[in-house]
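What follows is a single structure, written as structure tokens, with notes after it.
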Amino acid sequence: MKPLSKTKRRGYLIFFAIVFLIGTPLFILDAKGYRLNWSGVLKISQTGGLYISTDQSGMEIYVNNELVRRTSIVQKSIYVSDLKPALYEIRVAKEGMHPWNKMLEVFPEIVTEARSFLVRSKPLLVEVPRYFDAQRGIATSSARSDYVKNPEFEALNILFLPPAVKTIPIGKATTSPDKTLIGLLIKNEAGKLLVTWAGSKDSIPNYFCESDVCKSMITISTASRILSFDFFPGRDDLLLLQLENGIYVSEIDDRSPQNVMPIVSGLGYDFKVKDGRIYIKKDGKIYLVSV
Amino acid sequence: MEYKNTEYFKVGRALDLRGWDRVIYRMLEILPGFLSWGTIILVVVLSIYQPIVAAYFIIAFDLYWFLKTVYLSLHLRHNWKRLKYNLAADWSAMLGNLKYEHILHLVLLPTHKEGIEVIQQTVNGILETNYDKKKIALVLALEEKAGSEALEIAKTIQSEYADRFGYFLTTVHPGDVPGESAGKGSNISYAAEEARKLILDEHQIPYGDVIVSAFDIDTVPYKQYFSCVTWHFLTAPEPYKTSFQPVPFYNNNIWQAPTLARIVAGSSTFWQMMQQERPEKLATFSSHSVSFSALYEIGYWQKNMVSEDSRIFWNLYLAHNGNYSVLPLSYPVSMDANVAPHFFQTVRNIYKQHRRWTYGVENLPYILFGFIKNRQIPFWKKVSTSFVQIEGFWSLATNPIMIFLLGWLPVILGGDKFNKLVLSYNLPILTRNIMVITMLGLVISSIIFMSFLPERPKDKGLLAHLGMFLQWILVPFTIVIFGAVPGLDAQTRLMFGKYLGFWVTPKHRKKPQ
């Protein structure tokens, strides 16, 4: 039996060389989002994509009211490709939580990113007890002479004291009017938050930009005055807001609509963030909040 | 002056030369490492500063690799058919039509400190071939440095087997000969010369009638090997300008070898099978056969370097001004897969063995230097051979790393601006998809590998058989760890002048349970 003939091998080589020469630009165009369309005539169009990330599993992600994916433990984000440049309505929903909505514009060759957040419609509030009944080994909020003070409550309560009377650890102020975090500078001006990016131009968060155009400032304004704010634990794109009528979470991303969701509604609420946890105080009681 | 008579004909490294020759040779030693590292560094730098260009390059490279894999698979498939055909053919009957009785096979078995069971298996294998043993001269080539134990083993072998061959000779290569580096090359050169004086001259056997088979101590030829070589020798257009290359199987101990050793051994076989269909890219590798007169004319194998098995081809190629080739036999010999008493020792040995093999890159400066010096070789032959050799060493050291490790670099290093592009999102998906499709080709590898396996020992269950099939999913790992990394290691050593010495692969046999 003879070896593979030179003619056959040359034939293979030429064939694969042609496939390579034709295939490479096609693959590159494909990877850049170029697609062939048929709408009466065959034409090439540029597409873009959407990347929506979530924090949890079991969330349903809709694009233009069409369910695209339910997130799982291993995949909490979706990448939707081959989208024609246009405005898309995104909704992320889960039962028992406020849905997150956003209108996002898709541009050619670019992936528009957004990070969703959902908070419970009815957040879990667990009261931090003021006292301990040492004999019975239980916690309580009502005072008695033989009860001992709960040191956790005492420590938290100091956080809620007005700035003038408490000792603030350096860098831990929670009611300061200005805040910075990894390049974000936030100022509270007359009850409105002005967010600017002070970091490098290359690492500006995607919500400042649409396509190649980035804005210098984002404003967060609510129906009532923002009294105080802090970063939502673990997120640099979300803010906790103390308004006159409750505690809210707002995203910095102001692409329409800027989602602002209530944690608790009503007068007289204050909040603080400590060790990655959110605490709320009302009528002398402190609650640990799970959103 | 003929090229074989020049002072640089048997140059081992740049240090053996003087003046500008040394400078040029040194630059050529740097070249392969420079190209490989340059490629890897270029991809990293492009990923940081020009991630879009890097992404284009990676996409093109992915496609190139995929097509190359398919292209090589076609060669592998054809050679598989040819091997099966050649194994089934009756070479003795084919020889019957030719005058072949004058041909003598001089079989060189270089040994170091291997156990007697290894040598016995090889010698028994030669005895089991269907060639007239009286037409075989067996030379057991010992190293003086191996000590008295090796000598005792040799005596036992000689007393047991000497009268069953036409000629039997034990040679002891003296240690510490000035100008020689320890290794197979110096040993078999000494053995060949001793055999010339003590067998060929003594019995007035014409050198032109002798075919030398330079085996390893674990090389067990298949039943018709010598008939097959003889037939090809007698029918080759220019038998004295031809080397004969069998396909190395690693079946001696394949059922006892751990998974990694089996994959690496199988991959090595596949590579040789593909090369058998591309003879212009083939150099002699490991065990091979060649006419004695061709060897004698150039003074046998080089004694001052590691890769004597492939260097001998290039010596002959340059000596014959490019008019020398390798004839692929598509017929197997069986050798040992790398097995050590412990797993990590096996891994270390595989790595070292592959580093030694890939140190064949030391031939590249030799070839290129020879092309500069030898003006008798046609220009375009020089160009095409240079390209084939450079591309071969470059792809060995870089391609697996680029495919399996660097495909995602632009995404990691490209910065936020690049990461907002559709291209950035699609690059890992495209690379992954091409890889997955390419991996499907491993099914063919599994089938071919299984088809050449020796019979399953009784102490091995069906699971062992299944393991032989499924093991191939580890190829992306082995191709990097035991292919690209030792390749890069070898090239880096050559680049910095940290020349590698010969490392004898230990032959360890696990006793069947």
Side-chain angles (χ1 to χ4, degrees), chain A residues 1-6 8-35 46-51 77-83 85 106-113 199-206 208-212 214, chain B residues 52-53 55-79 81-89 274-282 327-330 410 414-431 433-434:
Chain A
M1 187 178 175
K2 291 193 171 164
L4 214 48
S5 72
K6 272 195 173 174
K8 209 167 190 179
R9 288 180 54 210
R10 196 172 293 130
Y12 287 151
L13 194 65
I14 291 168
F15 172 76
F16 286 119
I18 291 170
V19 172
F20 178 76
L21 290 174
I22 296 173
T24 301
L26 290 180
F27 270 96
I28 289 173
L29 288 174
D30 178 77
K32 281 167 69 86
Y34 285 82
R35 296 291 177 269
Q46 281 182 289
T47 63
L50 281 170
Y51 185 80
S77 307
I78 60 155
Y79 167 52
V80 189
S81 60
D82 303 345
L83 295 175
V106 169
F107 299 91
E109 288 194 43
I110 289 173
V111 177
T112 305
E113 297 178 21
S200 77
K201 212 174 170 184
D202 286 341
S203 53
I204 188 166
N206 57 60
F208 275 91
C209 309
E210 282 191 306
S211 185
D212 280 345
C214 298
Chain B
I52 294 176
V53 177
Y56 292 168
F57 176 73
I58 287 166
I59 290 169
F61 189 80
D62 284 347
L63 186 61
Y64 158 78
W65 193 72
F66 169 70
L67 295 173
K68 187 177 174 181
T69 308
V70 179
Y71 176 72
L72 290 177
S73 298
L74 290 169
H75 289 71
L76 177 66
R77 211 172 137 261
H78 188 84
N79 192 254
K81 282 186 192 170
R82 204 148 73 89
L83 254 169
K84 286 197 291 185
Y85 178 87
N86 286 350
L87 277 167
M274 291 166 197
Q275 297 295 76
Q276 293 261 324
E277 299 303 316
R278 309 192 298 166
E280 77 283 357
K281 291 179 169 53
L282 193 60
L327 192 150
L329 293 172
S330 288
D416 290 349
K417 203 172 173 187
F418 174 73
N419 285 337
K420 286 171 188 162
L421 298 179
V422 169
L423 181 62
S424 159
Y425 279 81
N426 285 342
L427 181 65
I429 297 170
L430 189 71
T431 304
N433 290 347
I434 290 178

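Since the model is a prediction, treat every value here as computed from it, not as a measurement.
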For chain A, find which of B:Asn419, B:Leu67, B:Asn426, B:Val422 contributes the most heavy-atom pairs closer than 4.5 angstrom.
B:Val422
Shorter than 4.5 Å, heavy atoms on both sides: which option in A:Val111, A:Asn206, A:Ile28 has the most such pairs with chain B?
A:Val111
Per-residue tally against chain B (heavy atom, under 4.5 Å) across A:Phe107, A:Phe20, A:Phe27 peaks at A:Phe20
Chain A shares the most heavy-atom pairs under 4.5 Å, among B:Leu427, B:Ile59, B:Ile52, with B:Ile59
Residue pairs passing the salt bridge (charged side-chain N to carboxylate O under 4.0 Å, His left out) test with at least one member in residues 56-71 of chain B, sequence neighbours excluded, are B:Lys68-B:Glu391
Under 4.5 Å from any heavy atom of chain B - which part of A:Thr47:
backbone
Rounded to the nearest 0.5 Å, how far does CZ of A:Phe16 lie from CG of B:Leu72?
9.5 Å
Contact part of A:Lys2 toward chain B, heavy-atom cut-off under 4.5 Å: side chain, backbone, both or neither?
backbone
Which one wins on heavy-atom pair count under 4.5 Å against chain A: B:Glu277, B:Arg82, B:Gln276?
B:Arg82
Taking side chain as everything from C-beta outward and backbone as N, CA, C, O, which of these in A:Tyr79 sits under 4.5 Å from a heavy atom of chain B? Side chain, backbone, both or neither.
side chain
For the pair A:Arg35 (side chain) and A:Gln46 (backbone), establish whether a donor and an acceptor sit closer than 3.5 Å, ignoring hydrogens and angles.
no
Cut-off 4.5 Å, heavy atoms of chain A, and the answer for B:Leu430 is side chain
Compare all side-chain heavy atoms of B:Leu423 with those of B:Tyr56 and state whether any distance is below 4.5 angstrom.
yes
Proximal component of B:Tyr71, with respect to chain A [non-hydrogen, under 4.5 Å]:
both
Residues that B:Asp416 engages under salt bridge (charged side-chain N to carboxylate O under 4.0 Å, His left out), provided they are two or more places apart:
none
Let me know if A:Glu113 has heavy atoms under 4.5 Å from chain B in its side chain, its backbone, both or neither.
side chain
Can you confirm if the aromatic rings of A:Tyr12 and A:Phe15 lie within a centre distance of less than 6.0 Å?
no
Can you tell me if NZ on B:Lys281 sees more than 12 non-hydrogen neighbours from other groups inside 6.0 Å?
yes
Modelled atom types, side-chain donor and acceptor of B:Lys420 and A:Tyr51, under 3.5 Å:
no
